[in-house]
Amino acid sequence: MVLELQKRLGDAIRAVLNEKYGLADETVPIETPPGLRFGEIATPVALQLARKLRKAPKVIAQEIVAALGSVEGFTGFEVAGAGYINARLERAAAVRMVVSHPFAGEIGERMEHPAAAKVGHSNFQVSESRPGAPADHALVEHTSINPNKAAHIGHLRNAILGDTFVRLLRAAGQKVDVQNYIDNTGVQVADVVVGFLHVEGKTLAQVRELVAACERRAATEGHKAAIDYSCWDLYARTSQWYSEGSEEEQAARKKLRYETLHAIEHGGNETAEVAELISTAVLKRHLETMLRLGIEYDFLPRESEILHLKFWEAAFEQLKKTGVLYFEEQGKNKGCWVMTRPGGGDAAGTARHAGTAGPETGATTSGPDEEAKVIVRSNGTVTYVGKDIAYHLWKFGLLGRDFGYKPFFRYSDRECWISTTGGEADHPHFGGATAIYNVIDARQADPQANVIQALRGMGHTAEADHYTHFSYEMVALTPRCAVELGYTVAEEDLSRPYIEVSGRKGFGVKADDLIDKLIAATRAEVDARQTARSEAERQKIAEQIAIGALRYFMLKYTRNSVIAFDFKDALSFEGETGPYIQYAVVRIRNIFRKGETTPEAVLAEFAKAASQRVSELASQLSGEENEDIWALWLRAGRFSLVLDQCIGASEPAYLAKHAFQLAQEFNNFYHKHHILTEEDAGRKTFLLATAAVVLRELVKALALLGIESPEAM
RNA sequence: GCGCCCGUAGCUCAGCUGGAUAGAGCGACUGACUACGAAUCAGUAGGUCGGGAGUUCGAAUCUCUCCGGGCGCACCA
């Protein structure tokens with residue numbers, strides 16, 4: 001509702017500016033005033049035009065208001081302060097808009113509350129041709145945990161951010177493929193393989209037996225017995241092992257490490273088979289962990305297939321042909337195929353390599369570019385960035401090759417596919433997206449920029465423009481938390497604000513451990529409150545609250561703020577938390593339960609009354625004593641605006657904030673107005689309708705955040 | 001050395017892309033359960049928005065410069 005009216009006002013003012021001052025395409029900033037006494041929507045447009053028009057802002061504002069006349073949905077405009085134009089909404093009309101504009105269809109289908117799903121399928125459109133609006137087929141890549149150890153809290157932030165963003169895009173009507181990239185042939189997997197084969201001295205058969213045994217034990221004893229947990233420790237031990245012993249021993253171990261890595265990359269040997277066993281088993285565990293949070297994937301592209309299906313070879317040809325890569329003949333990168341870096345590329349450099357000159361004559365004019373990024377080493381092997389370029393060409397459907405596909409993991413209603421060399425003949429199509437979002441932490445900004453640079457250099461500018469590095473800062477531990485967990489913290493680290501999590505050192509909080517801890521805490525609380533409910537019911541509620549707390553915790557921070565993790569904050573269920581919002585939902589449901597009616601019945605009745613008795617509704621929304629109720633409706637009507645901002649800024653935290661504020665204003669309302677004892681029938685319906693709309697909006701917002709709305713708590 | 005991010009209340013963070021009186025949560029202190037559940041609400045205290053300069057009618061927000069903190073800058077993956 002608010003978004004629509006903002007656009008309407010903006011259009012009306014633009015028309016005035018065009019007509020009255022001959023200003024075409026002037027941007028009209030629209031904002032929300034600091035308080036309702038300034039109206040509901042405001043614009044400082046007159047202030048910004050003051051210089052251009054050489055007039056006092058106040059005068060301009062008055063002229064605009066006079067020329068505006070009346071605009072549908074608004075009762076009037078006034079000039080305030082230095083030259084603001086404040087607009088006042090026709091409140092009754094706005095309320096009716098909120099009631100009748102409930103959901104984008106897809107969101108409705110995802111609601112678990114039947115009332116919410118049925119309320120309405122209007123032709124509600126969220127993002128209409130906004131400039132820079134995301135394209136129709138998006139590909140979001142997130143999670144991407146090396147399959148050699150258990151997931152930790154840093155991975156949780158990645159997955160929760162990514163999953164939430166997927167929900168937001170889908171709510172806005174986009175087709176989205178969700179990918180989880182698996183680096184199953186990297187050093188991290190190699191290290192665990194070295195651990196099994198050389199530190200522990202196991203054979204392939206023994207590893208196979210161990211993986212099977214872990215699976216059996218995990219089924220009865222829980223995930224602490226699972227393979228990803230044992231790998232967590234083994235990985236840390238192996239990392240330690242490399243730096244132990246005499247110099248000769250260390251050198252031999254390093255050598256072993258790279259031989260193992262190369263054997264895995266090459267494939268078709270026992271070492272590669274061990275790697276395959278481990279990485280597949282650990283990957284399954286990751287998918288299970290993420291499923292606990294409601295996170296699912298469509299496709300799991302693996303590094304092994306990128307290698308075996310020769311993605312790089314195809315990309316290399318294109319990169320050479322377009323002049324993005326050139327062969328360096330002198331300097332420190334002699335014998336390598338290199339690419340000009342995004343930052344360091346001066347105009348001359350770009351022209352030199354991307355232009356007419358072939359690779360042979362490339363590096364002659366001004367000496368070797370020492371800052372260039374090596375893509376193919378002098379020994380002929382390709383670097384990580386090179387493989388990443390190939391993979392991203394595939395994502396945009398520009399590579400001319402495809403993966404093989406086979407089903408890998410079964411969700412309740414569908415299959416998650418994985419890459420393979422052969423694969424099924426009949427499979428869904430992935431890749432060929434028009435916009436991609438890579439959820440990768442901020443430390444990888446440079447490599448990401450390199451890939452974008454390559455795309456741009458190859459002439460794929462549209463693709464480069466729709467390549468978003470969805471960057472976020474890491475989750476670190478507070479020194480106190482690290483000590484609490486029993487890690488030895490160096491003296492100088494104790495005074496630091498946070499300490500980085502490290503899988504290599506086995507230093508961090510495992511995802512499943514945290515989830516377990518949260519469930520245990522919520523379970524204790526639920527057991528104390530819900531004595532009449534069954535064991536299974538209480539467990540379900542506890543899980544919903546625990547996941548709500550965790551997801552909200554990871555989403556309330558904006559992306560580029562480092563989260564200094566602390567159990568005290570993460571295990572909090574009061575104040576700005578997921579459970580706070582869930583509690584507001586439960587309260588509203590209780591009102592309807594006790595009042596023996598339903599939100600949809602109330603809204604239907606209210607909608608009818610509102611269209612018949614407009615003046616009554618108007619009076620219920622006016623006056624000092626009703627300001628808070630009007631504010632609540634106004635907040636409820638902001639959803640599409642917030643969704644728009646979330647997608648535009650790739651920032652799910654805005655929606656988290658919105659949900660919290662709505663719940664907060666509702667709680668205030670709840671204490672002030674006692675609904676069920678209200679004697680005036682019309683007033684009671686109005687109050688119930690207010691609660692119903694807030695319920696609908698809260699459930700919707702929570703669902704987009706991946707948080708369930710419990711029936712009780 | 002170069003690049004990116006951060007610095008806002010005791011603590012953890014917002015601040016709608018330059019606007020009106022800088023806001024929340026936690027913690028502290030006061031109050032509110034015989035009414036729809038107190039995982040709640042109302043209130044009080046707490047800020048030279050790291051320092052300085054500049055641009056502007058107007059700066060927490062943009063520019064420059066210091067100070068403090070973090071992270072990247074390999075023919076590793």
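Keep in mind it's a predicted model, so treat the numbers as computed, not measured. Per chain, numbering begins at 1; letters A, B, ... match sequence-line order.
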Note to self: For A:Arg443 and A:Asp441: C-alpha separation, side-chain torsions, deciding distance, then whether salt bridge (charged side-chain N to carboxylate O under 4.0 Å, His left out) applies.
What the structure shows: CA-CA 6 Å; A:Arg443 286 170 290 196; A:Asp441 76 81; 2.9 Å; yes

Discussion item. Should the side chain of A:Asn86 and the base of B:A20 be counted as holding a donor-acceptor pair, with the cut-off at 3.5 Å?
Written reply: yes

From the candidates B:A20, B:A24, B:G37, the one with an atom nearest any side-chain atom of A:Phe38 is B:A20

**Message:** Less than 4.0 angstrom between a side-chain N/O of A:Asn379 and OP1 or OP2 of B:C75, yes or no?
**Reply:** no

Discussion item. Quick check: A:Tyr391 with A:Phe311 (ring centres under 6.0 Å apart)?
Written reply: no

Under the rule of Watson-Crick or G-U wobble with both distances under 3.5 Å, where | means paired to another strand and [ ] a crossing pair, RNA chain B maps to (((((((..((((.....[...)))).(((((.......))))).....(((((..]....))))))))))))....

Nearest-nucleotide check on RNA chain B, A:Val385 vs A:Arg559; residue mapping nearer the 5' end is A:Arg559

Next on the checklist: What contact category does A:Lys672 fall into here, base, sugar-phosphate, or nothing, at under 4.0 angstrom with non-hydrogen atoms?
Outcome noted: nothing

| Between the side-chain atoms of A:Gln48 and the base atoms of B:G58, is any donor-acceptor pair under 3.5 Å? | no

Taking any heavy-atom pair under 4.0 Å as a contact, classify A:Lys334: base, sugar-phosphate, or nothing.
base

Cation-pi between A:Arg88 and A:Phe77: NZ/CZ under 6.0 Å from ring centre and within 45° of the ring axis?
no

Look at all strands and tell whether A:His469 reaches a base, only sugar-phosphate, or nothing, counting heavy atoms closer than 4.0 Å. nothing

**OP:** Tell me what A:Phe592 touches on the nucleic acid: a base, only sugar-phosphate, or nothing, going by heavy atoms under 4.0 Å.
**Re:** nothing

Does a side-chain N or O of A:Tyr384 approach OP1 or OP2 of B:A74 to a distance below 4.0 Å, or not? no

Given the 90°-from-0 boundary between syn and anti, B:C73 should be labelled anti

Between A:Tyr552 and A:Ile581, is there a side-chain heavy-atom distance shorter than 4.5 Å? yes

Among B:G37, B:C16, B:C36, the one nearest any side-chain atom of A:Arg529 is B:G37

Looking for any heavy atom pair under 4.0 Å, which part of the strands does A:Ser378 touch: base, sugar-phosphate only, or nothing? base

All N/O pairs under 3.5 Å across the protein-nucleotides 28-33 of chain B interface:
none

With the side chain defined as heavy atoms from C-beta on, A:Ala649 is closest, among B:U17, B:C26, B:G37, to B:U17

With syn meaning chi within 90° of zero and anything else anti, the base of B:U30 is anti

Original post:
Going by atom types alone, do A:Asn667 and A:Tyr580 pair a side-chain donor with an acceptor below 3.5 Å?
Top reply: yes

Cation over ring, A:Arg504 on A:Tyr235, under 6.0 Å and within 45°? no

Name the orientation class of the two ring planes belonging to A:Tyr258 and A:His262 (parallel below 30°, tilted from 30 to 60°, perpendicular beyond 60°). tilted

| query | Which of parallel (below 30°), tilted (30 to 60°) and perpendicular (above 60°) describes A:Tyr557 and A:Phe553? | reply | perpendicular

Hey, does A:Gly186 reach any base, or is it just sugar-phosphate, or nothing, if we go heavy atoms under 4.0 Å?
sugar-phosphate

Give one of base, sugar-phosphate or nothing for A:Ala691, where a contact means two heavy atoms less than 4.0 Å apart. nothing

* Asked: Between B:C36 and A:Lys684, is there an OP1 or OP2 to side-chain N/O distance shorter than 4.0 Å?
  -> no

Judged by nearest nucleotide, the residue sitting upstream toward the 5' end of RNA chain B, A:Glu473 or A:Ile545, is A:Glu473

- Query: Would you say B:A39 has OP1 or OP2 under 4.0 Å from some side-chain N or O of A:Tyr552?
  - Reply: no

Of the candidates B:U40, B:C16, B:A74, the side chain of A:Arg341 sits closest to B:A74

Q.
Categorize A:Arg593 for me: base, sugar-phosphate, or nothing, with a 4.0 angstrom heavy-atom threshold over every strand shown.
A. nothing

Backbone of A:Thr340 reached by a side-chain donor or acceptor of A:Glu371 within 3.5 Å: no

request  = Assign A:Gln448 to base, sugar-phosphate, or nothing according to its heavy-atom contacts below 4.0 angstrom with the strands shown.
outcome  = nothing

If the threshold is 4.0 Å, N to carboxylate O, is there a salt bridge linking A:Arg523 and A:Glu543?
no

From the candidates B:A24, B:U40, B:C71, the one with an atom nearest any side-chain atom of A:Phe660 is B:A24

Report task. Give a yes/no answer on whether the side chain of A:Gln664 brings an N or O atom under 4.0 Å of OP1 or OP2 in B:G25. Result -> yes

Query raised in the report: So, is A:Asn590 close to the B:G37 phosphate, meaning a side-chain N or O under 4.0 Å from OP1 or OP2?
Result: yes

Distances for protein N/O vs nucleotides 59-61 of chain B N/O pairs under 3.5 angstrom?
none

**Prompt:** Which is true for A:Tyr580 with a 4.0 Å heavy-atom rule: it touches a base, it touches only sugar-phosphate, or it touches nothing?
**Reply:** sugar-phosphate

When A:Gln664, A:Glu665, A:His658 are each screened for side chain to side chain donor-acceptor pair (under 3.5 Å) with A:Arg635, the one that passes is A:Glu665

TODO: Write down the distance separating the P atoms in B:G27 and B:U40, rounded off to the nearest Å.
DONE: 10 Å

Between A:His392 and A:Tyr467, what is the ring plane arrangement, given parallel below 30°, perpendicular above 60°, and tilted in between? tilted

### Short side-chain to backbone donor-acceptor contact, A:Arg559 and A:Ser650, under 3.5 Å
yes

Query raised in the report: Hey, does the side-chain of A:Ser561 have a donor or acceptor N/O within less than 3.5 Å of a partner on the base of B:C13?
Result: no

- prompt: Below 6.0 angstrom between ring centroids: does that apply to A:Phe669 and A:Phe666?
  reply: yes

